[in-house]
Amino acid sequence: MACSLHCRGRMAVRLVVQPEDTLSGIARQLQREGMPGTTAELVRTLARLNGIANPDRIEVGQRLALPPRAERPRTDEDQVFVLERRGQHGKETLAVQVDAQRARLENALLRWVHRVPPEPAPARPAADTPRFRQSDPAWRSERLGVSGEGPTLAEAGCAVTACAMALSRIGGATLTPDVLVRHLRASGGFQGPLLDWSAAGSAIPAGPRASAGDLDCAQLDRELDAGCPVLLRVVHDAQGRARQHWICLTGRDARTGQYTANDPATGGTALLMRTGSTLASLEGEPVRYTGDGRMVTFRAGSDRQG
């Protein structure tokens, strides 16, 4: 792994991201160094520690905090050695805290000297929709179906991945596709390999009701204007065959008429426009999508009908 670790003693306190680094690659390196947990669990831990809404997007030069390595003394260690090691650990921790405080003071002084306005507070994760790619190595091999008998997320997990993006925004905390799959298994949230929309919302505390229905552009606009993501089923040409796919609509620009969507196939965004009674990709988009008349909306748990 090409990432650069900044250490104090034997304890890595932060990591500087290098070109080609990914959170999943960093997680696997931590596993090789003896850190417990699956790749997906370590990716989620790294994302939580560093306030990363989209685990697929980290920047070169970005400093990442690493999860602490829990060490237990060997049974044959004498008490004096244990106390010495704890004292050393305490000194290392104090030194890290002092370094961080010094850096904050130096930055504040530089801003005052150069009259640089303070950095804005980061946006709340709930106000954004993470971009997940269904073929991400952290979860691509997770299988669909109550018993895990279906295809993998990489093969046919666009609906689950799009749903995980929408629920992450609604719940205000990251819900990755593999965690959603495991919840759906435990709650009987599959019909064969297909996602049962009625069970999807129970994966987050808000418990929204996911409703699949015919595409209604007026309702679609109302949902997006209210800040609620909407899932749209589209078709695209794949080697001469029309294939169905789910994307997560995240907003619209009423002035230009453009709709923004997160695409599970690429992990990026796509732009669409209203075309008659449906939506279609803008000219120049890498993948040409056309809505096929189905959408999924989310309503708060209190709106559920008995």
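By convention here, the first residue in the shown sequence is residue 1.
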- prompt: At their closest point, which heavy atom of G37 faces which heavy atom of L42, and how far apart are they?
  reply: O-CD1, 4.1 Å

task: Check the pair D196 / L184 against side chain to side chain contact (heavy atoms under 4.5 Å, CB included), numbers first and verdict last.
output: CA-CA 8 Å; D196 182 350; L184 292 170; over 6 Å; no

message: Between R143 and G150 (side chain of the first, backbone of the second, donor and acceptor by atom type, cut-off under 3.5 Å), is there such a pair?
response: yes

message: Once salt bridge (Lys or Arg N to Asp or Glu O under 4.0 Å) is applied, do any residues pair with R28, and if so which ones, sequence neighbours excluded?
response: none

message: Has Q62 got a side-chain atom pairing as donor or acceptor with E59's backbone, closer than 3.5 angstrom?
response: yes

message: As a quick check of understanding, evaluate side chain to side chain contact (heavy atoms under 4.5 Å, CB included) for Q134 and R140, giving each step before the final call.
response: CA-CA 6 Å; Q134 64 192 82; R140 61 176 300 158; over 6 Å; no

- prompt: Got a donor-acceptor contact below 3.5 angstrom from the R288 side chain to the S281 backbone?
  reply: yes

message: Less than 4.5 Å apart, side chain to side chain, heavy atoms only: is that true for P55 and D136?
response: no

query: When clusters are formed from ILVMFWY side-chain contacts under 4.5 Å, directly or step by step, what else is grouped with M273?
result: L271, L282

- request: Answer yes if the side chains of S202 and H183 hold a donor-acceptor pair under 3.5 Å, and no otherwise.
  value: yes

query: Hey, quick one: are V179 and I204 part of the same hydrophobic cluster, counting side-chain heavy atoms closer than 4.5 Å, chains of contacts allowed?
result: yes

message: Suppose we screen for salt bridge (Lys or Arg N to Asp or Glu O under 4.0 Å). Which residues come up paired with R131, at least two apart in sequence or across chains?
response: none

- request: Indicate yes or no for a side-chain donor-acceptor contact from D253 to the backbone of R255 under 3.5 Å, with no hydrogens or angles considered.
  value: yes

- request: Salt-bridge test for R252 and D221: reply yes if a basic N is under 4.0 Å from a carboxylate O, no otherwise.
  value: yes

query: Would you say the side chain of R182 lies within less than 4.5 Å of the side chain of E142, judging by non-hydrogen atoms?
result: yes

query: Shortest non-hydrogen contact from C217 to S277?
result: SG-O, 3.5 Å

query: How is the hydrophobic cluster of L272 composed, in terms of its other members, when Ile, Leu, Val, Met, Phe, Trp and Tyr link through side-chain heavy atoms under 4.5 Å apart, directly or indirectly?
result: L215, L220, L224, V230, L232, V234, I247, L249, Y259, L279, V287, Y289, M295

- line: Hits for salt bridge (Lys or Arg N to Asp or Glu O under 4.0 Å) against R222, two or more places apart or cross-chain, chain-then-number order -> none

- prompt: Under the 3.5 angstrom rule, does the side chain of S211 hit a backbone N or O of T297 as a donor-acceptor pair?
  reply: no

task: Please confirm whether the backbone N or O of M165 pairs with a side-chain atom of N262, one donor and one acceptor, at under 3.5 Å?
output: no

task: Please report the C-alpha distance between W139 and S24 in whole Å, then the side-chain angles of each, then the deciding distance to 0.1 Å, and finally whether the side chain to side chain contact (heavy atoms under 4.5 Å, CB included) criterion is met.
output: CA-CA 10 Å; W139 49 68; S24 56; over 6 Å; no

task: Dump the intermediate steps for side chain to side chain contact (heavy atoms under 4.5 Å, CB included) on T161 and L153, then the final yes or no.
output: CA-CA 8 Å; T161 306; L153 272 169; 4.1 Å; yes

- prompt: Please, which pairs that meet side chain to side chain donor-acceptor pair (under 3.5 Å) have at least one residue in residues 144-153, sequence neighbours excluded?
  reply: T152-E155

message: Could you check whether D237 pairs with R241 (Lys NZ or Arg NE/NH1/NH2 to Asp/Glu carboxylate O, under 4.0 Å)?
response: no

message: Is there a side-chain contact between C163 and W246 in this structure, where contact means two heavy atoms from C-beta onward sitting under 4.5 Å apart?
response: no

field: Closest approach of A40 to D178 (non-hydrogen atoms, all atoms of both residues)
entry: CB-OD2, 3.1 Å

query: Are H245 and R233 side-chain neighbours, meaning at least one heavy-atom pair lies under 4.5 Å?
result: no

query: Checking side-chain contact (heavy atoms from CB on, under 4.5 Å) against L23, which of N54, L46, T39 comes through?
result: L46

